[in-house]
2 protein chains.
Amino acid sequence: MPTSKDVAQAAGVAQSTVSYVLSGKRPISEKTRKKVEAAIEQLTYQPNAGARALASRKTRVIGLVIPFIPELHMASIMEFVSVIASTARQYDHDILLVTEDEGAAGLQRVVGQQICDGLILMQVEGEDERLPVARSLKVPVVLIGIPRDPSGLVCIDADFEMAGEQCVRDLAAAGHSVVTVIDWQQEVVDRHVNYVDRFMHGTDVAATELGVKVLHLPGGTNREILADSVDKGLAQTTGVPAFIAPDGTVQDILRRILSSRGLTPGLDVSVIGSASPTLAELQPIPLSTIDLRPGEVSRRAVKIMCQLLEADSLGPHESLELVPTVITHRSSTLRPPHGA
Amino acid sequence: MPTSKDVAQAAGVAQSTVSYVLSGKRPISEKTRKKVEAAIEQLTYQPNAGARALASRKTRVIGLVIPFIPELHMASIMEFVSVIASTARQYDHDILLVTEDEGAAGLQRVVGQQICDGLILMQVEGEDERLPVARSLKVPVVLIGIPRDPSGLVCIDADFEMAGEQCVRDLAAAGHSVVTVIDWQQEVVDRHVNYVDRFMHGTDVAATELGVKVLHLPGGTNREILADSVDKGLAQTTGVPAFIAPDGTVQDILRRILSSRGLTPGLDVSVIGSASPTLAELQPIPLSTIDLRPGEVSRRAVKIMCQLLEADSLGPHESLELVPTVITHRSSTLRPPHGA
DNA sequence: CACCATCGTCGATACGCATCGATAAATTTC
DNA sequence: GAAATTTATCGATGCGTATCGACGATGGTG
């Protein structure tokens with residue numbers, strides 16, 4: 001592998017000049033810049049990352065802590081990972097994977113060995129042994145998701161409260177007076193996972209404001225529980241029933257349950273789910289969705305991280321950013337009455 | 001951050017002694033080892049990765065090139081990524097993500113900058129601009145999946161031919177004389193993607209041997225094409241129909257189509273799908289599966305990589321490893337007649 | 001008891017780059 | 001036209017580790 005010294009020799013300049021051509025931190029004449037660039041080209045020189053990190057104390061690598069995954073969420077996690085990696089590249093950074101099975105020790109390892117300049121933690125919910133560690137680290141940490149106690153942490157997440165509001169508003173506008181929310185599975189609700197509570201609160205706020213009745217019933221992937229929730233929702237509804245299923249994993253099952261009850265989304269029942277636009281369009285009946293915009297959340301997480309890195313921030317930071325959600329009508333919800 | 005020099009000072013030894021304690025490359029007396037270890041503990045010393053890489057010319061990082069993903073495959077990709085990352089840690093290595101949107105330049109970048117000691121490429125199929133690059137790189141490269149021309153490359157993949165054979169054998173043993181294979185979508189078949197051809201060949205080999213008739217019909221996520229394939233399969237079947245759906249993405253739709261034709265898997269139709277055991281168990285009717293063992297493939301890929309790194313191999317390598325697939329009976333296939 | 005391995009430790013150096021101070025050359029100022 | 005600036009480049013140094021040769025101490029041998 002050629003070194004900057006080789007390049008310098010080929011271009012007839014000093015090694016430091018090569019360095020300055022690359023970094024632009026000192027003025028270089030057009031003439032020598034050309035010479036150096038030609039030499040770089042010819043030798044296909046690429047700076048050695050290790051040496052660069054050693055000298056500059058920056059690795060240009062961001063550690064991404066990925067959660068242990070109940071199988072069904074994997075697809076959505078990959079969406080985050082993929083966008084995070086691409087976005088990081090746009091800021092000229094790379095992504096190193098840190099798996100959850102290393103626990104908090106993993107964070108200390110990658111930071112302690114200075115493999116990473118900062119960390120992005122995905123799907124941190126409630127309590128977590130890694131949170132105190134995250135707070136104590138001397139590198140920037142960005143959380144995707146909001147823990148019970150976000151103090152001293154930089155967090156970003158979809159605006160679940162807004163999402164809840166949007167769903168209820170939308171269904172109210174379509175004429176529904178009772179809305180059934182199929183929540184996450186009971187144990188998740190009981191844990192008071194932050195985003196669940198926020199979503200529920202959003203639905204309640206809108207419901208109170210609009211005089212709509214909102215039922216909260218447990219979701220999850222268990223057919224019987226889900227069927228039970230649906231039936232309870234139907235029983236308590238007068239007029240056309242409406243369902244909101246913010247948990248992406250229940251939708252397939254929900255659809256089948258409704259179908260077995262003789263209900264057709266968009267015709268005699270409204271359904272708002274959570275799915276990416278492409279997936280929503282692929283459904284037999286294109287699904288009206290509340291889009292939690294994982295891609296946008298990921299992009300912003302990386303952006304925040306890179307800004308923190310740029311600022312070379314010393315003291316601890318704290319912030320909380322919520323990404324607006326987007327509701328999209330497709331065929332699974334009733335159309336609002338004309339003129340409404 | 002403390003350095004090895006700090007540790008040396010605290011322990012009253014030379015920096016090089018600290019280094020030897022850590023690497024074990026020279027004998028160290030019990031006494032000084034204890035002293036050094038105590039100092040390391042006390043200072044919570046961790047070696048600097050950049051300096052280590054610079055001096056040793058090894059980063060202990062493996063680049064993982066993840067494919068651009070048609071949405072539906074994301075879950076399975078995450079399975080690979082997750083196991084690869086965990087396994088790498090077991091070999092004391094880390095994983096750096098290289099996204100496909102950087103193309104072949106991405107490979108040259110991470111290798112050229114010496115961020116990585118080696119590369120694992122996922123889901124390389126057919127031709128790919130990265131293959132010639134992979135061959136020319138001076139670091140080990142392991143492919144998951146087999147390209148059209150695997151010469152000069154180290155590849156590993158599930159044994160799709162074995163999988164095809166196992167499926168047909170199994171259905172034949174259950175008494176089926178006609179088996180319908182719902183292939184991947186037509187365009188994938190037409191591209192003669194390596195694993196597709198291998199799977200189909202496997203089914204054909206077993207069919208010829210056992211005197212079973214095998215129909216190949218297009219799959220994919222389009223309901224109409226799929227329904228058409230199912231109907232054609234049914235029309236050409238005498239006796240109880242049997243379907244093999246090696247493409248995980250078609251299974252939901254296939255199930256519904258069969259159901260709408262009044263057929264119940266395990267009762268008056270046999271279905272073998274491809275899914276992880278956990279997912280298969282979650283189905284309304286637990287799905288008999290051909291398991292392509294992505295986790296095992298991932299583990300072996302990392303193992304091969306680490307062996308290549310250990311060997312410090314100079315010349316180019318070439319090998320091809322196939323991971324045996326596993327067929328598992330659940331409730332979606334007929335039971336073989338007793339005594340068969 | 002002088003001689004020679006062996007073992008354990010030290011000091012020095014290289015790895016490739018960034019960066020600082022210094023210097024030579026070019027330009028401006030009075 | 002000499003002094004004061006500015007501009008472009010060079011040389012030297014440090015980043016933290018691995019590794020090599022050297023060296024003192026220890027123990028065994030004749």
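Order of the sequence lines fixes the chain letters, A, B, ..., with proteins taken first and strands second; residue numbering starts at 1 for each chain. In this text the structure is predicted, and so the values were computed from the model without any measurement.
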When you check the gap from the basic side-chain N to the acidic O, do Arg60(A) and Asp94(A) get nearer than 4.0 Å?
no
Taking the side chain of Ser19(A) as heavy atoms from C-beta outward, which of dC17(C), dT9(C), dA18(C) is closest to it?
dA18(C)
Could you walk me through whether Val302(B) and Ile95(B) satisfy the side-chain contact (heavy atoms from CB on, under 4.5 Å) test, starting with their C-alpha distance in whole Å, then the side-chain angles of each, then the deciding distance to 0.1 Å, before giving a yes or no?
CA-CA 10 Å; Val302(B) 174; Ile95(B) 294 296; 5.6 Å; no
Give a yes/no on whether any side-chain N or O of Ser23(A) is located under 4.0 angstrom from OP1 or OP2 of dA18(C).
no
Within this structure, what is the CD-to-P distance between Gln15(A) and dC10(D), rounded to whole angstrom?
11 Å
Whole angstrom value for the distance that separates P of dG16(C) from CG of Leu43(A):
14 Å
To the nearest angstrom, the CD-P distance between Gln114(A) and dC15(D) comes to 13 Å
Side-chain-base donor-acceptor pair under 3.5 Å for Arg26(A) and dT7(D):
no
Ion pair check, Glu30(A) and Arg33(A), cut-off under 4.0 Å:
yes
No-H, no-angle donor-acceptor pair, Tyr20(A) side chain to dC20(C) base, under 3.5 Å:
yes
If only side-chain N and O atoms count, and only distance matters, is there a donor-acceptor pair under 3.5 Å linking Asp159(A) with Thr325(A)?
no
Begin from the C-alpha positions of Val323(A) and Ile156(A) and carry the test side-chain contact (heavy atoms from CB on, under 4.5 Å) through to its verdict.
CA-CA 8 Å; Val323(A) 176; Ile156(A) 182 168; 4.0 Å; yes
For the pair made of NZ in Lys5(B) and P in dA18(D), what is the distance, rounded to whole Å?
15 Å
Name the nucleic acid region contacted by Val18(A), choosing base, sugar-phosphate or nothing; use a 4.0 angstrom heavy-atom cut-off, strictly under.
nothing
Applying a 4.0 Å non-hydrogen cut-off, can you work out what Pro27(A) is touching in the nucleic acid: base, sugar-phosphate, or nothing?
base
Considering only NZ, NE, NH1 and NH2 on the basic side and carboxylate oxygens on the acidic side, decide whether Lys34(A) and Glu37(A) come within less than 4.0 Å.
no
Looking only at heavy atoms, which two atoms of Ala11(B) and Ala39(B) are closest? And how far apart?
CB-CB, 4.0 Å
Tell whether Ser16(A) reaches the base of dG11(D) with its side chain through a donor-acceptor pair below 3.5 angstrom.
yes
Under-4.0 Å side-chain N/O to phosphate OP1/OP2 contact, Thr3(B) with dG16(D)
no
Is the phosphate of dA18(D), meaning OP1 or OP2, less than 4.0 Å from a side-chain N or O of Lys25(B)?
no
Among dT9(C), dG16(C), dC10(D), the one nearest Thr32(B) by side-chain distance
dT9(C)
Where each residue is assigned the nucleotide of DNA chain C containing its nearest heavy atom, which of Met1(A) and Thr17(A) is assigned the position nearer the 5′ end?
Met1(A)
With no hydrogens and no angle check, is any side-chain donor or acceptor of Thr17(B) less than 3.5 Å from a backbone partner on Val13(B)?
no
Atom-to-atom span, CG of Leu54(A) to P of dT19(C) - whole angstrom:
12 Å
Can you tell me the distance, in whole Å, between the CD atom of Gln113(B) and the P atom of dA18(C)?
11 Å
Between Thr32(A) and Ser29(A), do the side chains contain a donor N or O and an acceptor N or O under 3.5 Å apart?
yes
Please give, in whole Å, the distance from dA14(C) C1' to Lys58(B) NZ?
18 Å
Could you tell me whether the phosphate oxygens of dT17(D), OP1 or OP2, come under 4.0 Å of any side-chain nitrogen or oxygen in Ser4(B)?
yes
Looking at dA8(D), does its base get a donor-acceptor pair with the side chain of Glu30(A) below 3.5 Å?
no
For dT17(D), does either OP1 or OP2 sit under 4.0 Å from a side-chain N or O belonging to Arg57(B)?
no
Atom pair distance, as rounded to whole Å: CZ in Arg33(B) and C1' in dC7(C):
13 Å
Within the pair Ser56(A) and dA18(C), is there a side-chain N or O less than 4.0 Å away from OP1 or OP2?
no
Just report the end-to-end axis angle for the helix from dC1(C)-dG30(D) to dC30(C)-dG1(D), five pairs per end, to 10 degrees.
50°
Report which part of the nucleic acid Ser29(B) touches: base, sugar-phosphate, or nothing (heavy-atom distance under 4.0 Å, all strands).
sugar-phosphate
